[in-house]
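A short write-up of the structure that comes next.
Below, all heavy atoms of this structure are taken into account, side chains as well, without hydrogens, waters or symmetry copies. Along the sequence shown, residues carry numbers from 1.
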Amino acid sequence: MQDIATTEQPPMVLAESVTKSFGSLKVLKGIDLEVGRGEVFCLIGPSGSGKSTFLRCVNHLEAIDSGWLSVDGDLVGYRREGNHLIELGGQEAASRRARIGMVFQHFNLFAHMTALKNVMEGPVTVRHMKKAAARELALELLASVGLADKADAYPSQLSGGQQQRVAIARAMAMEPKLLLFDEPTSALDPELVSEVLEVMRNLASGGMTMVVVTHEMAFARDVADRIVFMDQGVVVEQGTPSEVLNAPQEARTRAFLASVG
């Protein structure tokens, strides 16, 4: 294995032989993946294939059982001693995680805070930004996702699509080097999906490195640089959108695409 700590320009995400089990259920069975800087990387596959678990391992919301997983050359949640991983303490792990933004399926906004306060919270509490500067940043980000007029609204006053756009602005407020999206549109009514995908398209065109678990094949086709099809805890196939969606090589990929097509 290369020395990821000294590589001049390491991949943004590098996974080598990553495994993860929950009790007797082996969810990830030796994942090898590499995400380049500025790349939009879409994970597709049936429910239970390990996509969301892999995403949660990338920012150490789940601890891996074996293998290596790094972001921008740093092991997330661990330090390496010889061939062993030593899990980091809470503060150090949180510090490394701070530059990895994550947007969840169910928004996870603070119900008692306005949209503005939700976006300000991370910069103030984690980045120790002055409140005036955090407010200015938050207003700028809300405008960038089309919600300049909703700064004082509470989550209960917003549609699902608006809440998800606030969640994206909140993730961007941490100035992440990497954004992870876990089925960001699956909890939305169909008519609200497009507004969230449009924000994600804008992020992609701006060069943000993104790993997206999605069932939106049209979005993956339009925006992804690479698509990975996962099934039963393994990477079955990967390639460009044209390769994977138009000319899949594996029978399992063809069967999945037929089921969602």
Side-chain angles (χ1 to χ4, degrees), residues 40 42-43 47-48 51-53 55-62 90 94 97-176 178-206 208 210-220 223:
V40 179
C42 284
L43 298 174
S47 285
K51 309 181 301 295
S52 292
T53 297
L55 209 65
R56 292 172 66 84
C57 288
V58 171
N59 69 350
H60 199 57
L61 289 176
E62 299 287 354
R97 187 189 292 134
R99 296 297 300 279
I100 305 170
M102 186 152 182
V103 178
F104 298 89
Q105 181 176 343
H106 292 292
F107 325 138
N108 289 6
L109 299 177
F110 295 114
H112 65 289
M113 292 184 182
T114 63
L116 179 66
K117 290 288 181 64
N118 264 282
V119 179
M120 287 175 60
E121 180 69 9
V124 171
T125 60
V126 180
R127 295 176 59 197
H128 308 296
M129 187 181 283
K130 299 286 189 187
K131 284 189 177 180
R135 176 184 171 83
E136 186 177 337
L137 173 64
L139 289 170
E140 198 175 291
L141 288 168
L142 287 171
S144 76
V145 299
L147 293 174
D149 60 336
K150 298 294 184 181
D152 296 325
Y154 288 88
S156 62
Q157 299 170 313
L158 300 172
S159 70
Q162 289 169 334
Q163 289 185 63
Q164 193 61 293
R165 285 186 281 155
V166 173
I168 293 171
R170 180 181 61 181
M172 290 299 296
M174 296 301 291
E175 297 188 348
L178 169 68
L179 267 182
L180 309 175
F181 292 85
D182 188 8
E183 293 278 15
T185 60
S186 64
L188 301 179
D189 292 333
E191 65 271 19
L192 302 177
V193 168
S194 61
E195 64 190 50
V196 173
L197 294 181
E198 185 60 30
V199 170
M200 294 173 66
R201 284 189 177 92
N202 291 339
L203 289 172
S205 65
M208 173 59 67
M210 298 160 59
V211 181
V212 185
V213 172
T214 186
H215 63 281
E216 299 286 348
M217 295 300 124
F219 173 81
V223 179

Are [X] and [Y] side-chain neighbours, meaning at least one heavy-atom pair lies under 4.5 Å?
X	Y	result
Glu195	Gln162	yes
Leu55	Met102	yes
Cys42	Thr214	yes
Met172	Leu179	yes
Met210	Leu203	yes
Lys150	Leu142	no
Thr185	His215	yes
Phe104	Leu61	yes

Testing the basics here: between [X] and [Y], what is the closest heavy-atom pair and its distance to 0.1 Å?
X	Y	value
Asp152	Thr114	O-CG2, 3.6 Å
Ala171	Pro176	O-CD, 3.4 Å
Pro123	Ala134	CB-CB, 4.2 Å
Glu191	Ser194	O-OG, 4.1 Å
Ala138	Met120	CB-CG, 3.6 Å
Ala111	Tyr154	O-CD2, 3.7 Å

If we ignore hydrogens and angles and just use 3.5 Å, is the side chain of Arg127 paired with the main-chain N or O of Ala173 as donor and acceptor?
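Indeed, once roles are kept as given, a pair shorter than 3.5 Å links the two residues.
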Expected output: side-chain Glu121 to main-chain Asn118 donor-acceptor under 3.5 Å:
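Not confirmed, Glu121 side chain does not pair with Asn118 backbone.
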To the nearest 0.5 Å, what is the distance between [atom1] ([X]) and [atom2] ([Y])?
X	Y	atom1	atom2	value
Phe219	Phe181	CZ	CZ	7.5 Å
Ser205	Met200	OG	CE	12.0 Å
Arg56	Glu62	CZ	CD	5.0 Å
Leu109	Ser156	CG	OG	11.0 Å
Ile168	Gln163	CD1	CD	12.5 Å
Leu147	Leu158	CG	CG	7.0 Å

Test side chain to side chain contact (heavy atoms under 4.5 Å, CB included) applied to Val212 and Val223, step by step
CA-CA 10 Å; Val212 185; Val223 179; over 6 Å; no
For Phe107 and Leu188: C-alpha separation, side-chain torsions, deciding distance, then whether side chain to side chain contact (heavy atoms under 4.5 Å, CB included) applies.
CA-CA 10 Å; Phe107 325 138; Leu188 301 179; 3.7 Å; yes
Go through the steps for Val166 and Val145 under the test side chain to side chain contact (heavy atoms under 4.5 Å, CB included), then give the verdict.
CA-CA 8 Å; Val166 173; Val145 299; over 6 Å; no
Within 6.0 angstrom of Glu136 CD, more than 12 heavy atoms from elsewhere:
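Not more than 12 within 6.0 Å, no.
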Counting only heavy atoms from other residues, nucleotides and ligands, does the tally under 6.0 Å from CZ of Arg201 exceed 12?
yes
Distance-only donor-acceptor check, side chains Ser52 and Asp182, under 3.5 Å:
yes
What's the verdict on salt bridge (Lys or Arg N to Asp or Glu O under 4.0 Å) for Arg99 and Glu175, showing C-alpha distance, side-chain angles and the deciding distance?
CA-CA 7 Å; Arg99 296 297 300 279; Glu175 297 188 348; 5.4 Å; no
Checking Asn108 against Arg170 for the side chain to side chain contact (heavy atoms under 4.5 Å, CB included) test, could you report, in this order, the C-alpha distance in whole Å, the side-chain angles of both residues, the deciding distance, and whether it holds?
CA-CA 11 Å; Asn108 289 6; Arg170 180 181 61 181; 4.1 Å; yes
